[in-house]
Amino acid sequence: MQWVKVLGGAAGAAALLGLGIILGHFAIPKGADPAPSASASQDLDPEILEVVMGLLSASRIRENLRELSREPHPASSRQDEALVQLLLQHWQDPESGLDSVETSSYEVLLSFPSPEQPNRVAIVGPAGNISFSCRQSKENLTGEQGGPDVLPPYAAYAPPGTPQAVNAAKHQVAGVLVYTDPADINDGHSLPNETFPHSWHLPPSGVERGSYYEYFGDPLTPYLPAKPSSFRLDPDTAPGFPPIPIQPIGFEDAQVLLCNLQGPPAPAAWQGALGCDYRLGPGFQPGGMFADSQVNMSVYNRLELRNSSNVLGVIRGAAEPDRYVLYGNHRDSWVHGAVDPSSGTAVLLELSRVLGTLVKKGIWRPRRSIVFASWGAEEFGLIGSTEFTEEFSSKLRERAVAYVNVDISVFANATLRAQGTPPVQSVLFSAAKQISAPGPGGLSIYDNWLRYFNRSSPAYGLVPSLGSLGAGSDYAPFIHFLGISSMDIAYTYDRSKTSARIYPTYHTAFDTFGYVDKFVDPGFGSHQAVARTAGSVLLRLSDSLFLPLNVSDYSETLRSFLQAAQQHLGAQLEGEGISLAPLVTAVGKFEREAVALSRHISALQKGTFDPLQVRMLNDQLMLLERAFLNPRAFPEERYYSHVLWAPRHSSVATFPGLANACARALNTDPGSAAWAEVRRQLSIVVAALEGAAATLRPVADL
């Protein structure tokens with residue numbers, strides 16, 4: 001497409017000038033090998049890092065986003081396949097492409113509304129007359145919310161059915177209507193003139209789509225790649241699907257339903273901003289406009305096997321091509337998906353363009369291989385990335401250094417927000433300290449981040465807060481299933497100015513290019529800041545001779561978990577004759593080995609060293625995360641094997657398996673199976689910590 005090749009105005013001229021300066025600085029004689037020769041001692045080049053930072057263009061990211069979000073592109077759609085071809089075109093470009101590119105297709109179970117029978121929610125009177133119907137599509141405010149390619153609002157994987165939703169509530173829940181309350185997403189704003197297109201707030205007809213599948217990955221092929229020959233579960237009995245129909249509606253329709261209910265007042269925490277007191281029902285107010293009426297909900301969703309593709313592009317490493325640094329983002333959206341996920345894909349394309357250009361010009365080649373990934377069908381449950389980790393699990397366990405995820409690159413334009421496992425904290429901090437934050441003030445991204453999200457570290461003092469990784473994006477199978485050090489990078493809100501749980505048009509038809517351009521990030525400075533931060537992290541991981549993963553930062557997390565267990569669970573455990581002493585010993589052992597390894601690294605960096613020594617040391621750093629895996633620790637949790645980051649259902653911020661087991665054992669009889677599980681979980685944690693400590697010991701010591 002023409003937009004890929006056009007350089008416009010001053011931004012294009014600046015990019016060409018910058019590239020000319022690089023070529024002058026790293027002049028290559030005619031006839032020279034286009035790839036720099038591999039060197040066992042190759043290390044991060046600060047000049048290359050500076051060049052990459054300068055070439056990442058906000059205007060190119062903006063144009064990428066305009067093209068990516070031009071049409072709705074849900075997983076497996078015609079438009080989704082068009083974006084696959086667009087990525088292939090970019091990554092096969094003779095001037096800025098990558099070394100190799102391939103697509104990998106999986107046959108996965110997806111869920112869609114019926115085109116012939118739209119889902120419907122209506123209030124039906126005693127005589128069967130329809131007195132009110134919820135919208136079946138959004139108000140077409142910008143000309144982008146209509147058309148045959150816009151999926152109508154629905155809840156993916158919710159089963160079909162026609163329950164009577166309100167009056168059934170006093171007996172059992174037969175169906176669920178979900179909506180986004182303006183108190184949760186709009187800071188209370190709900191009037192048409194207060195919302196999009198007049199502001200960034202969700203308009204009254206906005207409906208948030210989403211997947212209601214409990215697990216991640218293809219529903220029918222757990223732990224197996226969803227290839228045509230793979231064994232599949234029976235869709236009628238496969239676990240993880242909602243048992244009852246679900247349908248999302250806009251808050252303008254929810255207001256009609258909620259503000260006419262009878263019954264006791266809902267708890268204060270359930271009240272919202274629809275201009276009435278929320279009540280619990282059952283039934284509508286007697287004497288009101290809907291007296292003796294019922295809510296009729298008709299859902300016609302259907303399951304379909306569809307092909308969904310990942311696109312993978314590789315820059316081959318010069319010295320260690322068998323070590324992979326992965327950088328990924330999903331491609332599919334519910335509608336136009338300008339923020340989610342195309343803001344991340346726009347950054348991905350720009351970063352791969354800059355690095356691909358340096359490779360094609362023979363200026364640079366990373367020490368380790370870089371794998372760029374565009375995942376398919378993430379919105380349905382992280383499907384593309386999970387199938388990839390299933391298909392290549394052995395290779396990734398042996399060779400993957402880290403995974404960098406940039407899904408939504410910009411939620412809002414106030415500050416950096418990063419999540420990750422403790423060893424990646426140092427490389428994130430190093431990158432953020434050397435990049436200027438967008439806007440006035442002259443702060444680095446690090447110092448700006450510190451203003452908005454910070455914590456007190458026993459080791460470092462006041463530092464930015466690094467969030468932990470749940471299962472909200474494609475990092476989940478990498479960290480939870482394979483134990484690969486992972487991170488997620490984005491720009492986000494000033495929390496003192498909004499209580500919104502996420503950007504207001506999330507998963508709606510109002511998440512468009514114009515929305516981003518006008519409200520989320522005018523000028524695209526925050527997109528550029530994310531590209532620079534993620535790009536710096538990527539170069540440091542792929543080029544540094546010594547991997548910039550600080551295992552000592554895990555000590556702080558483990559000590560915090562131990563102290564929480566002692567403070568909140570200690571007395572309960574002692575009452576059952578369970579001692580935390582083995583856990584205390586295991587944490588101390590890990591701390592000592594982490595300190596010893598850090599000293600060994602410092603000594604090697606200051607002296608002369610054998611490249612094989614560095615390789616062995618880097619493998620220790622790379623493999624530490626794998627030591628925390630136990631595939632039998634959480635049999636009830638699919639794919640969760642990491643004993644430190646599995647879901648925690650207890651309020652005690654400690655080792656999740658131990659916390660959950662103690663919560664279940666509370667008020668059970670001594671000697672019960674619940675207390676046996678507490679002992680098992682404690683043993684699992686101790687064994688994992690001892691195994692991790694052993695991973696850090698000198699490799700010659702068994």
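The analysis underlying the following values was restricted to heavy atoms, covering all of them including side chains, and did not include hydrogens, waters or symmetry mates.
The pair K360-D93 does not meet the salt-bridge criterion, since no charged nitrogen lies less than 4.0 angstrom from a carboxylate oxygen. The pair R367-D43 does not meet the salt-bridge criterion, since no charged nitrogen lies less than 4.0 angstrom from a carboxylate oxygen. Under a 4.0 Å N-O distance rule, the pair D521/R62 does not qualify as a salt bridge. No salt bridge links E63 with R60; every basic N to acidic carboxylate O contact stays at or beyond 4.0 Å.
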Between D494 and T415, is a side-chain contact (heavy atoms from CB on, under 4.5 Å) present by the stated rule, with each step listed?
CA-CA 7 Å; D494 178 352; T415 179; over 6 Å; no

L462/L450 under side-chain contact (heavy atoms from CB on, under 4.5 Å): CA gap, chis, key distance, verdict
CA-CA 8 Å; L462 194 67; L450 192 64; 4.1 Å; yes

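Counted by atom type alone, S536 and Q434 present zero donor-acceptor pairs between their side chains at under 3.5 Å. No side-chain donor from either of Q89 and Q85 sits under 3.5 Å from a side-chain acceptor of the other. For the residue pair N550 and S426, no side-chain donor N or O sits within less than 3.5 Å of a side-chain acceptor on the partner. Side chains of S342 and S69: a donor-acceptor N/O pair is absent below 3.5 angstrom, by distance only. With no hydrogens or angles considered, no side-chain donor-acceptor pair links S104 and N310 at under 3.5 Å.
Ring orientation note: the planes of W449 and F429 are nearly perpendicular, at an angle over 60° on the 30°/60° scale. Ring geometry for Y515 versus Y503: interplanar angle of 30 to 60°, hence tilted.
In this structure, F481 has its ring center closer than 6.0 angstrom to the ring center of Y639. Ring centers of W375 and F388: under 6.0 Å apart, within the cut-off.
At distances below 3.5 Å, not a single donor-acceptor pair connects side-chain atoms of E107 with backbone N or O atoms of K227. Panel note: side chain D322, backbone S369; no donor-acceptor pair is recorded below 3.5 Å.
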